[in-house]
Amino acid sequence: MKIPFIIFLLILSVTTSAVADPRAHAPEVDQIMAAELKKLGQDARPKIDDYTFCRRLYLDAIGRIPTLDELDQFIADKRVDKRARLIDNLLNSKGYNSHWYNYWADLLRVKYVGDKLHHPGNYSEWVKEAVRTNKPYNKIVYELVNANGNLYKPGNGATGFYAREPMALDHLANSVKTFLGMSIECAQCHDHPFDDWTQLDFYKLAAFTSKTHLRVDPLPADEKEKFAKDRKILKNKSFDEWIVFRESLRVKHASIYGNGTGYSRLPHDYEYNDGKPHEVMEADVLFGSMPVIHYKMPKGKVEKLNNKQFGPQINSRKSLANWMTSRENPMFTKATVNRLWHRVMGTELVGPIGGLDLDSTGDHPELTEKLVEIMKVTDYDIKAFLTVLFNSRAYQSKSLALKATPPAYVLDGPIVRRLPAEVIVDSILSLRTKDPDASVATKFRWDGFTHFYEKSRNMTVKDFVDYSIAGPGRAKFQRREEKEAKERNRDLGPKSLWRASAYTHNDGQYLASILLGQSTRDLIDSANTQPDIPQILYLMNGHLEGHVIRNPKAYLNQKIRHETDRAKRMEMIWKAVLGRLPKPSERALFKHKQADIMWALLNSNEFKFVR
């Protein structure tokens, strides 16, 4: 029987939209878990109520607790699909941009590295824009690995990925751990003691990125032709004028050079029988299909060059980026899924975050395989993948507090876990102001470096000299540019009401976040979520919660000031701080002073954990 064409189009439309809606994948995940629970004879966890769901989702999706108005609005919503609607709303909010910027900035170690004039503002803004526009994750990684050009050119902040790490071999090892979830750093110095990677393998992989480096000064030819004469005159005349001339030129010229020659050399102390010191290595991948590389010089010719020569540039880094982010690369998608699952659920789906191997599939290979498939089907759309997780029955199940002997299966829902530092301090904002996300920028924000780069695009040598004479001293130069940059940006409101993500190097450090375990971004995954004495003392002494308790203008105090019924006022405090109504057993606490109750709730484990 022939199907009329119009009906065929309707069927096709329905099928396509079902596939395009990531929520359609959530039941697939739940079915796999249900089958595993049935096989193990383990009961499914109970579903959480709306209060618990609302608080959990706000914390996981946008990194703060809901305000009292936001919570009440959700609870009052009678629509059957209100949970799915809330998920969509939060994933497309400014709060999402703030919270997930913190996560990716920690992973990519966005921070100031002073010894190489690496100011992270442009790098930070690049990451923020990637989050705001929901750039596919495979494209993010591709652009980072293949980044080159001017460090402070607005929009080219991906170059900060290389400027951040001055040691090329360390950068390679960190890139593999970050994007492939594998630990190969040991092989930089010797054959890996536990895995199959050898030192030879490491240097073959390093050949893809060889000669990639940060240069902050003008190229030698430009220096000799344009700047050397004036630089010498200024140095003999005034140190302050010379230093401004040097620093301003560096802001304009600092760049990532070199795109890979496809060759590397073994170290001078190489001791294994499969190679010799300084021997030239051709690029090769750790596993999978080797991408095509078009060499400009044969290996034999490179061997005859001195030991510091690696041959001409051929953009072999692009080949590395293609291999690393390929759908056929089994580790890239698996490591990405493992990271996001761990972030949302708190458990390791595939294995240790930075310690996977090629055979890693986790305790439930079928679930891993399904989530890898979903990541590919959604084209590495992070929001789409999170939509699947948040809409799953598993995510909306009661959280599990892990004990010494956990149940046989722990992947059927989240585990109880402590909030990251930024989430704790940002949650305080939900009690201080009606709009905690007001400080989250919606477009590129200038800093002194990107601002001066724009100014310098058309500056002549004479302009640089005049500029240096007019503004002596490095500090004055930087302060002047930062002041002008600040005037170009939208005012983010009172600094005391900024979210943690709004702080930049120039704004100082947010002490509360640091004390509560914020990542230093020196190492990958270095945030501390374990309580320690300074954290406990900081909170118990009221430094953070005092902004709420002792401030009559705080949002929570403004909400409860007109409520004369004490019991109702206490209910409002419980909902605002803990995201739920008080238990019958807790009503006896209502007799205590309001400030003491707020302090106790804010210092409770329930406030500091995702439940």
Side-chain angles (χ1 to χ4, degrees), residues 58 61-64 66-67 69-70 89-106 108 110-112 119-135 140 150-160 251 383 422-423 425-457 477-513 518 547 551 553-555:
Y58 266 83
I62 69 172
R64 63 171 177 84
T67 65
D69 287 335
E70 289 168 335
N89 288 340
L90 295 186
L91 290 180
N92 290 286
S93 69
K94 292 201 299 181
Y96 170 88
N97 299 339
S98 172
H99 178 51
W100 285 88
Y101 163 77
N102 290 333
Y103 176 71
W104 297 117
D106 284 355
L108 298 173
V110 178
K111 74 170 294 183
Y112 175 72
H119 186 285
N122 202 27
Y123 186 23
S124 174
E125 288 301 313
W126 186 89
V127 176
K128 287 181 178 179
E129 181 66 8
V131 175
R132 273 196 298 265
T133 59
N134 196 32
K135 183 177 290 187
I140 290 175
N150 294 99
L151 194 60
Y152 300 115
K153 179 181 179 181
N156 200 41
T159 50
V251 174
K383 287 186 180 180
E422 298 93 334
V423 177
V425 297
D426 284 349
S427 289
I428 296 293
L429 284 182
S430 293
L431 305 173
R432 295 182 63 191
T433 176
K434 185 177 181 178
D435 185 6
D437 302 325
S439 64
V440 181
T442 56
K443 61 181 182 180
F444 183 89
R445 289 186 65 78
W446 300 89
D447 63 22
F449 285 72
T450 51
H451 171 68
F452 183 78
Y453 177 88
E454 284 289 288
K455 286 172 57 174
S456 70
R457 289 167 75 98
F477 158 57
Q478 292 186 350
R479 283 197 300 269
R480 178 173 54 196
E481 297 307 318
E482 293 296 347
K483 182 176 182 295
E484 291 180 7
K486 187 176 181 180
E487 292 170 354
R488 299 181 69 173
N489 296 325
R490 177 183 73 85
D491 182 23
L492 296 182
K495 193 172 177 181
S496 61
L497 297 180
W498 285 7
R499 290 200 61 168
S501 64
Y503 281 78
T504 68
H505 170 68
N506 295 315
D507 301 309
Q509 294 177 307
Y510 198 166
L511 180 61
S513 294
Q518 183 180 37
H547 295 300
N551 182 6
K553 294 183 179 180
Y555 163 75

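All values reported here derive from a predicted model rather than from experimental measurement. When reading the values below, keep in mind they use all heavy atoms of this one structure, side chains included, and skip hydrogens, waters and symmetry mates.
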(request) Step by step, work out the side chain to side chain contact (heavy atoms under 4.5 Å, CB included) result for Gln478 and His119. (result) CA-CA 11 Å; Gln478 292 186 350; His119 186 285; over 6 Å; no

(request) Look only at the side chain of Tyr555 and the backbone of Pro436, and say whether a donor-acceptor pair between them is shorter than 3.5 Å. (result) no

(request) Quick one: closest heavy-atom pair of Leu151 and Gly160, and the distance? (result) CD1-N, 4.0 Å

(request) Could you tell me whether the side chain of His99 reaches within less than 4.5 Å of the side chain of Arg64, counting heavy atoms only? (result) no

(request) May I ask you to decide if Gly448's main-chain N or O and Tyr152's side chain share a donor-acceptor pair within less than 3.5 Å? (result) no

(request) State the CG-CG distance between Asn92 and Asn97, to the nearest 0.5 angstrom. (result) 9.0 Å

(message) Looking at every non-hydrogen atom in both residues, tell me the closest pair between Phe444 and Pro154 and how far apart they are.
(response) CZ-CB, 4.0 Å

(message) Keeping Asp426 on the side-chain end and Arg499 on the backbone end, is there a donor-acceptor pair under 3.5 Å?
(response) no

(request) Could you tell me whether the side chain of Tyr503 reaches within less than 4.5 Å of the side chain of Lys495, counting heavy atoms only? (result) yes

(request) Could you please spell out the steps behind the side chain to side chain contact (heavy atoms under 4.5 Å, CB included) verdict for Trp126 and Thr159? (result) CA-CA 9 Å; Trp126 186 89; Thr159 50; over 6 Å; no

(request) Using atom types as modelled and distance alone, determine if a side-chain donor or acceptor of Lys383 lies under 3.5 Å from a backbone N or O of Leu91. (result) yes

(request) Using a 4.5 Å cut-off on heavy atoms from C-beta on, say whether the side chain of Lys434 contacts that of Thr67. (result) no

(message) Under a 3.5 Å distance rule, please check whether Asn551 uses its side chain to pair with a backbone N or O of Lys553 as donor and acceptor.
(response) yes

(request) First locate atom CG of Asp435, then atom CD of Glu70, and finally report the distance between them rounded to the nearest 0.5 Å. (result) 8.5 Å

(message) For the backbone of Gly493 and the side chain of Trp498, can you confirm whether one donor and one acceptor N or O come within less than 3.5 Å of each other?
(response) yes

(message) Can you list everything that forms a salt bridge (Lys or Arg N to Asp or Glu O under 4.0 Å) with Arg132? Sequence neighbours excluded, please.
(response) Glu129

(request) Classify the ring geometry between Trp104 and Trp100 as parallel (under 30°), tilted (30 to 60°) or perpendicular (over 60°). (result) tilted

(request) Over all heavy atoms of both residues, which pair between Ser513 and Ala500 is shortest? Give the atoms and the distance, please. (result) OG-CB, 4.1 Å

(message) Measuring from atom CG of Asp69 to atom OG of Ser430, what distance do you get when rounded to the nearest 0.5 angstrom?
(response) 11.0 Å

(message) Quick check for you: to the nearest 0.5 Å, what is the distance between Lys153 atom NZ and Arg457 atom CZ?
(response) 6.0 Å

(request) State plainly whether the residues Glu484 and Arg480 are in salt-bridge range, i.e. N to O under 4.0 Å. (result) no

(request) Say whether, by atom type as modelled, one donor and one acceptor occur between the side chain of Asp447 and the main chain of Ala485 under 3.5 angstrom. (result) no

(message) Tell me the closest heavy-atom pair linking Leu108 and Val127, and the distance in Å.
(response) CD1-CG2, 4.1 Å

(request) With rounding to the nearest 0.5 Å, note down the distance linking NE2 in His547 to CG in Leu497. (result) 9.5 Å

(request) Report yes or no: does Lys128 contribute a side-chain atom to a donor-acceptor pair with the main-chain N or O of Ser501 at less than 3.5 Å? (result) yes

(message) So which atom in Ala512 and which in Val425 form the shortest heavy-atom distance, rounded to 0.1 Å?
(response) CB-CG1, 3.6 Å

(message) Quick test of your reading of the model: are Glu454 and Arg488 salt-bridged, counting only N-O distances below 4.0 Å?
(response) no

(request) Mind running side chain to side chain contact (heavy atoms under 4.5 Å, CB included) on Phe449 and Glu482 for me, showing each step along the way? (result) CA-CA 8 Å; Phe449 285 72; Glu482 293 296 347; 4.2 Å; yes

(request) Nearest 0.5 Å please: distance from the CG atom of Leu492 over to the CZ atom of Arg445. (result) 3.5 Å

(request) Give the minimum heavy-atom separation between Ala61 and Leu90, together with the two atoms involved. (result) CB-CB, 4.1 Å

